Protein chains: 2
Amino acid sequence: MPKRASNKPDYARELRRAGVRVTRPRRVIIDILTSTDDHPDAMEIFRRAVQVDNSISLSTVYRTMKLLEGFGAIHRHAFGGGPARFENAAGEHHDHLIDLDTGDVIEFKSDRIEALQDEIAKALGYEIIHHRLELYGRKKRGT
Amino acid sequence: MPKRASNKPDYARELRRAGVRVTRPRRVIIDILTSTDDHPDAMEIFRRAVQVDNSISLSTVYRTMKLLEGFGAIHRHAFGGGPARFENAAGEHHDHLIDLDTGDVIEFKSDRIEALQDEIAKALGYEIIHHRLELYGRKKRGT
DNA sequence: GTTGCTTTGCAATTGATTGTCAACTGGCGC
DNA sequence: GCGCCAGTTGACAATCAATTGCAAAGCAAC
């Protein structure tokens, strides 16, 4: 009986097929990205990677992020102007609500908003390649 | 007969009322921001400011942008991850469509999208303080 | 004008990211 | 399995945007 594949996308296979080497540092970084659902920045990914392999360098984290971004495997964000934060691109597209007090990031999705965006772009003679919708808010006090 | 006020908001008056000095560099920078409808970055504002007063420094541009942002007089953007770009906050709120080929920025507004955003935030127990919606697209070829 | 506190220009600094380069290593070919 | 070698890496220098420390200069109240 074949081993049941995890829900993690097999980026290793994909990279190899694209002629990119699957090295130890890359494996470590990919593993970090596919086993979290938060939005770490490069330094945070670096910290986690060093726990696994203390020879990994920060440059390699940045290089790998750029590589994976090129493959569309991750998305890059810049919530509130800070350092870039990354998330695994697997799974459905979604937008973000950032809690201004805690920094928490909540994901949401609205087909109706997406449809309106397309409509607006079309009216302006454009085709949307991608978009970025970020809501910055505070929890409503329900004391 | 009183001089007809221009359509430029009187930031000078507002700043003075807030106990902030209206200095020559600030006047120059504010004048640049209120007389353009594009989205210049700090370096571009600096270049334009030097034309008027060649003693103005880039630090002052950055400092003034931060000051004005604090007053809500300007908005800060980071389209596509480049350096921060600014725009006069006077006038109605709007979102942006960025032409991926030319870098042009087109402003648009959709009450329906705003309403949906509020609805989503409310459902998540949040109150939106501000938001950022950027569409990145390409002109549809109309050969 | 004088005065006092703000603001400025300059230079140095920070923080994030990218470039350089010698050393290293996946993974194909044997 | 084993060696080869272009793709990668780690270390560190370099770059880029943005900020800050400080002495000198400027604004606004008297």
Side-chain angles (χ1 to χ4, degrees), chain A residues 10-32 39-71 73-86, chain B residues 10-32 39-71 73-86:
Chain A
D10 190 349
Y11 289 130
R13 181 182 303 275
E14 220 175 295
L15 289 178
R16 197 164 313 130
R17 196 180 316 142
V20 174
R21 287 195 188 154
V22 179
T23 63
R24 175 158 172 70
R26 284 183 182 155
R27 239 191 297 270
V28 171
I29 292 170
I30 289 171
D31 208 57
I32 289 169
H39 304 71
D41 61 20
M43 187 55 68
E44 177 59 27
I45 294 169
F46 173 62
R47 273 190 285 266
R48 297 182 196 174
V50 165
Q51 308 271 90
V52 180
D53 175 347
N54 67 14
S55 78
I56 287 176
S57 78
L58 182 54
S59 313
T60 296
V61 173
Y62 277 109
R63 278 190 288 238
T64 304
M65 299 327 282
K66 184 164 288 196
L67 178 75
L68 293 176
E69 193 185 7
F71 274 89
I74 60 170
H75 290 146
R76 174 188 300 259
H77 302 289
F79 305 133
R85 297 170 62 177
F86 306 91
Chain B
D10 191 347
Y11 290 129
R13 180 180 306 272
E14 218 175 298
L15 289 180
R16 194 161 316 127
R17 195 179 317 141
V20 174
R21 288 192 188 160
V22 179
T23 62
R24 176 158 170 68
R26 284 181 182 157
R27 239 192 298 271
V28 171
I29 292 170
I30 289 171
D31 208 58
I32 289 169
H39 304 72
D41 60 20
M43 188 53 71
E44 177 59 26
I45 294 169
F46 172 62
R47 273 191 285 267
R48 296 182 196 174
V50 165
Q51 309 270 91
V52 181
D53 176 347
N54 67 15
S55 78
I56 287 174
S57 78
L58 182 56
S59 320
T60 297
V61 173
Y62 278 112
R63 278 191 281 239
T64 304
M65 299 328 283
K66 184 164 285 198
L67 179 75
L68 294 176
E69 192 184 7
F71 274 89
I74 59 170
H75 290 145
R76 176 189 300 258
H77 302 289
F79 304 133
R85 296 170 62 176
F86 305 92

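All figures in this text were calculated on a predicted structure; none of them were measured in a lab.
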For L15(A) and dG7(D), give me the distance from atom CG to atom C1', rounded to whole Å.
13 Å
Return the CD1 to CD1 distance between I32(B) and I45(B), rounded to the nearest 0.5 Å.
7.5 Å
Taken to the nearest whole Å, CZ/R16(B) to C1'/dC5(C) is 17 Å
The side chain of S59(A) lies closest to which of these nucleotides: dT19(D), dT17(C), dA11(D)?
dA11(D)
Nearest to the side chain of P83(A), which nucleotide is it out of dT17(C), dA18(D), dT9(D)?
dT17(C)
Polar side-chain contact R21(A)-dG7(D) base: donor and acceptor under 3.5 Å:
yes
hbond_proxy S57(A) side chain to dC12(D) base (donor-acceptor, 3.5 Å cutoff)
no
Answer yes or no: is there a side-chain heavy-atom contact under 4.5 Å between M43(A) and P83(A)?
no
Identify, between T64(A) and V22(B), the residue whose nearest nucleotide on DNA chain D lies closer to the 5' end.
T64(A)
Any heavy-atom pair between the side chains of F71(A) and V20(A) that's under 4.5 Å?
yes
Short N-O contact, R47(B) and E44(B), less than 4.0 angstrom:
yes
Below 4.0 angstrom from OP1 or OP2 of dA18(D), is there any side-chain N or O of Y62(B)?
yes
Output the rounded distance in Å from CG (L67(A)) to C1' (dT17(C)).
16 Å
Nearest whole angstrom, please: distance from the P of dA16(C) to the NE2 of H77(A).
18 Å
Take atom CG of D41(A) and atom P of dA16(C), then tell me their distance rounded to the nearest Å.
8 Å
Which comes earlier along DNA chain D counting from the 5' end, the contact point of P25(B) or that of M43(B), where each point is its nearest nucleotide?
M43(B)
Send over the distance from I29(B) CD1 to dG9(C) P, rounded to a whole Å.
8 Å
N/O donor-acceptor pair under 3.5 Å between R26(A) side chain and R21(A) backbone
yes
Between H77(B) and H75(B), how do the two ring planes meet: parallel, tilted or perpendicular, split at 30° and 60°?
perpendicular
Could you state the CZ-P distance from R17(B) to dA29(D), rounded to the nearest angstrom?
14 Å
Distance below 4.0 Å between K66(B) side-chain N/O and dT19(D) OP1 or OP2:
yes
Is there a side-chain contact between R26(B) and the phosphate of dT7(C), meaning an N or O under 4.0 Å from OP1 or OP2?
yes
Check the phosphate of dG26(C) against T23(A), side-chain N and O only, distance under 4.0 Å to OP1 or OP2. Yes or no?
no
So what does L58(B) touch, heavy atoms closer than 4.0 Å: a base, only the sugar-phosphate, or nothing?
nothing
Decide yes or no, distance alone: a donor-acceptor N/O pair under 3.5 angstrom between the base of dG19(C) and the side-chain of R63(A).
no
Specify the separation, in whole Å, of atom CD1 of I30(A) and atom P of dG26(C).
14 Å
Counting only distance, no hydrogens or angles, is the base of dT7(C) paired donor-acceptor with the side chain of R27(B) under 3.5 Å?
no
